[in-house]
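One structure follows; several queries about it will come next.
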2 protein chains.
Amino acid sequence: MTRKPAALGRRANRGVAAAVSDPISPLEAHLGYWLRVASNHVDQQLARALGAHGVTPAEWVVMRALYDAGPVAPSVLAGRIGLTRGAVTKLVDRLRAKALVVRAHGPGDRRYQIIALTGAGAKLVPALAQLVDESDSAAFGAIPAETRATIEAALRRIVAPAD
Amino acid sequence: MTRKPAALGRRANRGVAAAVSDPISPLEAHLGYWLRVASNHVDQQLARALGAHGVTPAEWVVMRALYDAGPVAPSVLAGRIGLTRGAVTKLVDRLRAKALVVRAHGPGDRRYQIIALTGAGAKLVPALAQLVDESDSAAFGAIPAETRATIEAALRRIVAPAD
DNA sequence: TATTGTTATACTCTATAACTATA
DNA sequence: TATAGTTATAGAGTATAACAATA
């Protein structure tokens with residue numbers, strides 16, 4: 001019979017009145033949609049680039065943050081890059097397995113630990129940074145600098161509305 | 001001893017010359033970074049809102065696309081929302097388990113299948129659409145409309161540079 | 001052989017909550 | 001009890017590649 005599925009006649013059923021009273025916004029009308037699509041897109045490109053060095057985007061973020069911060073406690077790191085402590089633990093574990101990061105007890109409060117890049121990790125950061133620069137340029141280079149600044153400002157506001 | 005980890009003296013070691021010749025761009029300098037952070041942020045908010053109806057953001061995208069497209073083949077759907085066929089199969093499977101979508105054989109080429117919303121699925125879409133509207137407004141409402149348009153245009157270009 | 005769709009596998013990324021050790 | 005960190009669990013999201021059925 002090839003009976004029509006329930007939704008098949010939807011448009012016709014909604015008719016004129018419904019079409020007016022019930023104007024559903026399209027998928028593409030939401031900025032969140034484009035944000036998700038673009039982010040996935042860009043992230044995958046970055047993953048490919050970093051993959052040559054066996055590092056993932058999230059791992060890169062941890063490494064880059066450590067590079068600037070020096071040895072810090074996991075909780076501090078989590079706060080800086082906006083992740084939970086559990087998420088940081090997992091990323092750090094992976095980086096430790098790759099000998100890019102080390103963990104040690106701090107001298108004072110024994111509950112605290114200290115995370116730091118290893119020599120190999122610190123050495124790798126500039127190389128990775130260049131890949132990230134290139135990836136970012138490839139993705140956004142066509143956008144005028146002024147527009148990029150506008151976008152960055154807007155995205156920052158979204159994440160930290162308190163600022 | 002509390003020996004310093006390898007990276008501890010990094011800054012001092014790099015010194016003046018290195019600081020000039022080797023200026024690594026900060027994490028926050030990359031638009032890709034903010035895109036990822038903001039996208040995760042917004043996506044989680046949306047997930048919370050849609051979660052009340054047992055639907056995930058990715059599932060919503062499929063439902064919304066079906067709502068407009070009517071019954072279509074999985075491959076067509078995949079093309080429209082920019083996913084692989086495998087990914088679409090998985091999402092559709094989940095939606096079928098929730099009785100929001102049905103799958104049937106098309107009349108012609110037996111390789112083709114047809115995906116369509118069920119009555120329940122079609123009925124749910126407008127309600128979800130409103131949640132998505134609200135979520136999008138909550139996330140981006142503070143951004144001027146003009147800026148939003150600029151951002152959307154830029155993101156579109158990133159995803160489809162061929163356009 | 002080429003194409004459609006499914007299945008199997010494998011990863012990333014993230015969160016929540018329970019648990020351990022320390023304070 | 002409160003805090004730092006870990007561990008366990010869970011689930012979303014995606015991709016790739018091998019496979020079956022059909023053309």
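Each chain gets a letter, A, B and so on, in the order its sequence line appears, and its residues count up from 1. Scope of the values below: all heavy atoms of this structure, side chains included, with no hydrogens, waters or symmetry mates.
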I need the OH-P distance between B/Y112 and C/dA2, as an integer number of Å.
16 Å
Identify the pairs formed between an N or O of the protein and an N or O of nucleotides 10-13 of chain C at a distance under 3.5 Å, and give each distance.
unit_1 : atom_1 : unit_2 : atom_2 : d
C/dC13 : OP1    : A/P57  : N      : 3.4
C/dC13 : OP1    : A/A58  : N      : 3.0
C/dC13 : OP2    : A/T56  : OG1    : 2.6
C/dC13 : OP2    : A/R94  : NH2    : 3.1

Out of B/K90, B/R64, B/K98, which residue meets the salt bridge (Lys or Arg N to Asp or Glu O under 4.0 Å) rule with B/E59?
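Option passing the salt bridge (Lys or Arg N to Asp or Glu O under 4.0 Å) with B/E59: B/K98.
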Say you draw a straight line from CD1 of B/I81 to CG of B/L66; how long is it, rounded to the nearest 0.5 Å?
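Reported to 0.5 Å precision, the distance equals 8.0 Å.
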For nucleotides 16-23 of chain C, read 5' to 3', which letter fits each nucleotide if B means a protein heavy atom sits under 4.0 Å from the base, S means only the sugar-phosphate is that close, and - means neither?
B-----BS
What is the distance from CD1 of B/I115 to C1' of C/dT4, rounded to the nearest Å?
12 Å
Name the nucleic acid region contacted by B/S75, choosing base, sugar-phosphate or nothing; use a 4.0 angstrom heavy-atom cut-off, strictly under.
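B/S75: backbone/sugar contact only, no base atoms under 4.0 Å.
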What's A/A73 touching, base or sugar-phosphate or nothing? Going by heavy atoms closer than 4.0 Å.
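The answer is sugar-phosphate, as A/A73 gets under 4.0 Å only of primed atoms, P, OP1 or OP2.
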From CG of A/D93 over to C1' of D/dA8, roughly how many Å is that when rounded to an integer?
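Going from CG in A/D93 over to C1' in D/dA8 covers 13 Å.
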Can you list the residues that meet the salt bridge (charged side-chain N to carboxylate O under 4.0 Å, His left out) rule with A/R110, with sequence neighbours excluded?
none
Rounded to whole Å, how long is the line connecting atom CD of A/Q44 with atom C1' of D/dG13?
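My rounded result for the distance is 10 Å.
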Whole-Å distance separating the CD atom of B/Q45 from the C1' atom of C/dT14:
15 Å
Validation row: B/V55, B/L124 side chains within 4.5 angstrom (heavy atoms)
yes
Distance, rounded to the nearest Å, where B/L46 contributes CG and C/dT14 contributes C1':
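Value for this atom pair: 16 Å.
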Should we count CD of B/E134 as having more than 12 external heavy atoms under 6.0 Å?
yes
Less than 4.5 Å apart, side chain to side chain, heavy atoms only: is that true for A/R94 and A/V101?
no
Check whether any side-chain nitrogen or oxygen of A/R103 sits under 4.0 Å from OP1 or OP2 of D/dG5, and answer yes or no.
no
Do the charged groups of B/E152 and B/R148 touch, with an N to O distance under 4.0 Å?
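Result for this pair is no, no salt bridge flagged.
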B/L77 has an atom CG; how far is it from atom C1' of D/dT14, in whole Å?
15 Å
Mind checking whether A/L46 and A/V132 have side chains closer than 4.5 Å, heavy atoms only?
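A side-chain contact exists here, since the closest heavy-atom pair is under 4.5 Å.
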Take atom CD in A/E28; do more than 12 heavy atoms of anything else shown fall under 6.0 Å from it?
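More than 12 heavy atoms, drawn from other residues, nucleotides or ligands, come within 6.0 Å of this atom.
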